[in-house]
Each structure stands twice: as C-alpha cells, then as structure tokens.
There are 2 protein chains.
Amino acid sequence: MARLPVYLRALNSLADAGTTTCSSEHLAGAAGVNSAKLRKDLSHLGSYGTRGVGYDVEYLRYQIAREIGQTHDWPVVIVGIGNLGHALANYSGFSSRGFRTVALLDADPARTGQVVAGTEIRPFGDLAGIVSEHGVAIGVIAAPASAAQDVADAMVAAGIRSILNFAPAVLAVPEEVDVRKVDLSIELQILAYHEQRKSGLDGAEAI
Amino acid sequence: MARLPVYLRALNSLADAGTTTCSSEHLAGAAGVNSAKLRKDLSHLGSYGTRGVGYDVEYLRYQIAREIGQTHDWPVVIVGIGNLGHALANYSGFSSRGFRTVALLDADPARTGQVVAGTEIRPFGDLAGIVSEHGVAIGVIAAPASAAQDVADAMVAAGIRSILNFAPAVLAVPEEVDVRKVDLSIELQILAYHEQRKSGLDGAEAI
DNA sequence: GCGTGTGAAAACCTTCACAGCT
DNA sequence: AGCTGTGAAGGTTTTCACACGC
C-alpha cells in the first residue's frame, strides 16, 4: 500500500515530539488523510491498535517499518549524475530510510572520477559488476530521456528488478521488473491546470 | 486529469518523429496506458479525433496544451536552494513547459547573492514583493521539512494559490490553496516494499 | 465513554465491447 | 474495413456507520 511510508513518516514525527500513543484521528491528521481510511489501511496489516485507546506509536512504527522492508538496508545505484543525480546523491532522505547509495554512475567520461556526496562517479559500464557485487536490487535513473531506455535495459540485464525513473520517458521492461516514474514537471503542469481552472478559464470550455 | 501532461509529452515525441496522425492505440503505447483509457480521457475534452482515421497529432497537441494551460507562461518561485532547489533551478523540463523561474529564494544569508542557473538567490523576505511584481501563482518548496510550513504560510500570505511541495511535511493551508507533494524517498520505499514481497517475505505475515 | 476494526454503501476508475462515423 | 466515442460491466478505493472490546 502506497500510503504506508507516509504513515511511517507521520509516526516518526509524533515519536520525535514525545507522543507515545495516538488515535487514528490524530495520526490521520499528521499524515494528511482521513481517519477511516487510515484505520482500513492499518487493519490490513493486522490488529495493532487497542479499542478505546488508540495505537502505540513505537509498536505501530515497528510494524509498519517491517511491513515495508525498512528493517533492511537496500543498496541502490544512481545512474546519471547531472543536476538531479547530484541532488539525489546528496539527499539525506534516502540514507535515513534504509537506502544506501553504493555507486554513482555516468556515461560521460568527463564526469567519472568526480566525487559527489563522498562517492566517486564511476563509468556506466561498471554497472553489472557493482550490481552483482553489492546485491543491488533497486536502480535510480536520473539520466536524460534519450538515454533512459538504454540505462533501463542495462539495469535489467544486470539483474535489477526495481527501477525508479526520473527521466521523462516511458520505459519498456520485462513483466517482472517494477518501474515507478517521478516526473517533476508533470506535477507542476497539474498545478497549472488547476490554477487555470480557478482563474476563469480562457476559451477551454467545450460548448 | 493528471494524465494529460503525459499524453502531451507523448504527442510531442510523435511530432518530433515526424508522425502527423496517430491512432489511440499508437498514442496509448507511447504514453504507457491502455487505449480505451486514453480514448475516454480525450473524449472528456471534446471530439478531437476522426473515426476510422485517428487523431491529428498537431491539432490534438494544441488542444491538450490549451486545456492544461501550457499556452501561458507561468511565473514560478523556488524557495530553498539546497541540493534539490539547485537541481530544480537547473531543470530544463520546467522552462520547456511554460514555467519561468522568476526568483530563487533562501532564508540562509550565506546563500543569498550566489548565482544559480543564471539567477541570483535572494532573501526569503523578498517573497511578497516578487509575487506581486511578477504575478506569481505557483510556488515550489524545496526547503527542509522543518521550514516548510513557514514557507507555505508566507506563500499563502503573499497570494500564492498553488504549491508544489518537495519537503517531507504535511502542509496546513487554506481550503482554496492547492498543494501537490512530491516525496522522493517515498517512491523508493514503495519499490522496496514490492521488492521485499518478491523475494520471499521475511516474517511479515500476520498470525 | 471512547476509539478500533469492519461489513455495507457509495463513489470512483478502468476495461470491455460495440454502435456509428469516415 | 478501421477507429473513435461511449454506455454498460467490472473492479477498486473511499466513506459511512456501528458493533465490539477496552
């Protein structure tokens, strides 16, 4: 369920604030969802709450972390160390959530050897070796759209089965490979769409 | 509808490849969705296709661009020029899709004055002035989670009605303000969740 | 009394399948 | 013949509302 990480994050802030017990209402507020939905979601994992009382923050936190695999350390490679790859390599949210960036790769020879976030950029050709050496299961594509399919193919060939794709391209991959796409400009476009609706539509009506 | 920008991007690649007419099947393939869904979505905008023939790429492209407001130029401000803000400021996908970054703001005095992507970083306090001067309707928050709510409050006070939030925080804003959240690490966590499912779950079952 | 867990209802989204136009 | 536009079917998610346990 795609909302579990959000709940986990909300639980973490509650725990940091010293809260030890919370109601579904309270947690739902912190996570930005409605409380019935939260209870349905949690009931799907098991009965971790106490009727009349609520949820134990620490206990629930552990249960969700286990459910979504945050007890592991997931080795990750990032391919394409341009602006975005740079930002991702430095992004603390990855390391603090059980993701370890084991390698940064780039096809551009001018970039290999540079050190970013304490890791040296290596040539793209090293991918297969790194994947098998570290048991990498997740790859991040931050390369330009034109290169994205090649990168994905190489990742699949190297044995990666989960890909997070930041390139604005639709990837063709085998059935068993999971791809999630994040497109920064699409989010902005969606906002612009709503914005246009709000401020008197300019000729966009259908008759 | 959140898929229109995807269709538009697919149409652009088709146009670049010299295609002048396409079937729903063809376009759906390029956009990574199924053709019935694509036809439903497009039929919601109007009848822009021709039965027995398909869609005219250029015409449909214009219709979608108009629908989602890509005929405008949307002035945007980015607040928080750390690694991510840096990457966003340099991201070509914004400018090429009708978004013009009119200002980069950061609360840290050490950063103000630096030039990123050809734009000088200005102090956060300049926000209100910039918003009214350029008629900014969309704000991007790339600040740390702890500052996100303050930034959002200032944006709302300055008159911004649409916010793209990259900080891992739930924002409280007035009803009429639109917030979209992008959380880079949540996407990775979702992949890790599926990955764990695939490779024999480790003690995560109920009972 | 309070708040979880959960059937049942409602809303929503996707897919099917075909009538109707070119 | 071929492909769009769309009602109807099917599936999934969200919400409601309340029985049950603390």
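Remember, it's a predicted structure, so these values are computed and weren't measured experimentally.
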Q) Separation of B:Met1 atom CE from C:dC13 atom C1', in whole Å? A) 9 Å
Q: Within residues 30-41 of chain A, find the residues that approach DNA chain C with a heavy atom at under 4.0 Å, and present them sorted by residue number.
A: A:Arg39, A:Lys40
Q. On DNA chain D, nearest-nucleotide positions of A:Arg51 versus B:Gly52: which is more 5'?
A. B:Gly52
Q. Reckon A:Ser23 has a side-chain N or O less than 4.0 Å from the OP1 or OP2 of C:dG3?
A. no
Q: Identify the heavy atoms of A:Ile81 and A:Val116 that sit nearest to each other, and give their distance.
A: CG2-CG2, 4.2 Å
Q.
Is it true that B:Arg39 and B:Ser24 share a donor-acceptor pair across their side chains at a distance under 3.5 Å?
A. yes
Q) For the pair made of CG in A:Leu45 and P in C:dT6, what is the distance, rounded to whole Å? A) 12 Å
Q: Say whether B:Arg61 and B:Asn12, considering side chains only, have a donor N or O and an acceptor N or O under 3.5 Å apart.
A: yes
Q) To the nearest Å, how far apart are A:Leu42 CG and C:dG5 P? A) 7 Å
Q.
So that I know where these two stand, are A:Tyr48 and A:Tyr59 an aromatic pair - ring centroids less than 6.0 Å apart?
A. yes
Q: Let me know the distance between OH of A:Tyr59 and P of C:dT4, rounded to the nearest Å.
A: 15 Å
Q) With ring centroids as reference points, do A:Tyr91 and A:Phe94 lie under 6.0 angstrom apart? A) yes
Q: Among residues two or more places apart or on two chains, list those pairs meeting salt bridge (Lys or Arg N to Asp or Glu O under 4.0 Å) that have a residue in residues 69-78 of chain B.
A: B:Asp73-B:Arg100
Q) Nearest heavy-atom pair of A:Val151 and A:Phe124: which atoms, and what distance? A) CA-CZ, 3.8 Å
Q. What parts of residues 2-9 of chain B reach DNA chain D, counting only heavy atoms under 4.0 Å away?
A. none
Q. Taking only residues two or more places apart in sequence or in another chain, which ones pass side chain to side chain contact (heavy atoms under 4.5 Å, CB included) with A:Val6?
A. A:Ala31, B:Ile186
Q.
Please identify the 5'-most and 3'-most nucleotides of DNA chain D with any atom under 4.0 angstrom from a heavy atom of chain A.
A. D:dT14 to D:dC22
(Q) Under the rule for side-chain hydrogen bond (donor to acceptor under 3.5 Å, both in side chains), what residues qualify as partners of B:Asp106, not counting sequence neighbours? (A) B:Arg111
Q | Sole candidate of B:Leu42, B:Leu38, B:Asp41 that passes side-chain contact (heavy atoms from CB on, under 4.5 Å) when paired with B:Arg3 | A | B:Asp41
Q: Could you tell me whether A:His134 atom NE2 has more than 12 heavy atoms of other residues or ligands within 6.0 Å of it?
A: yes
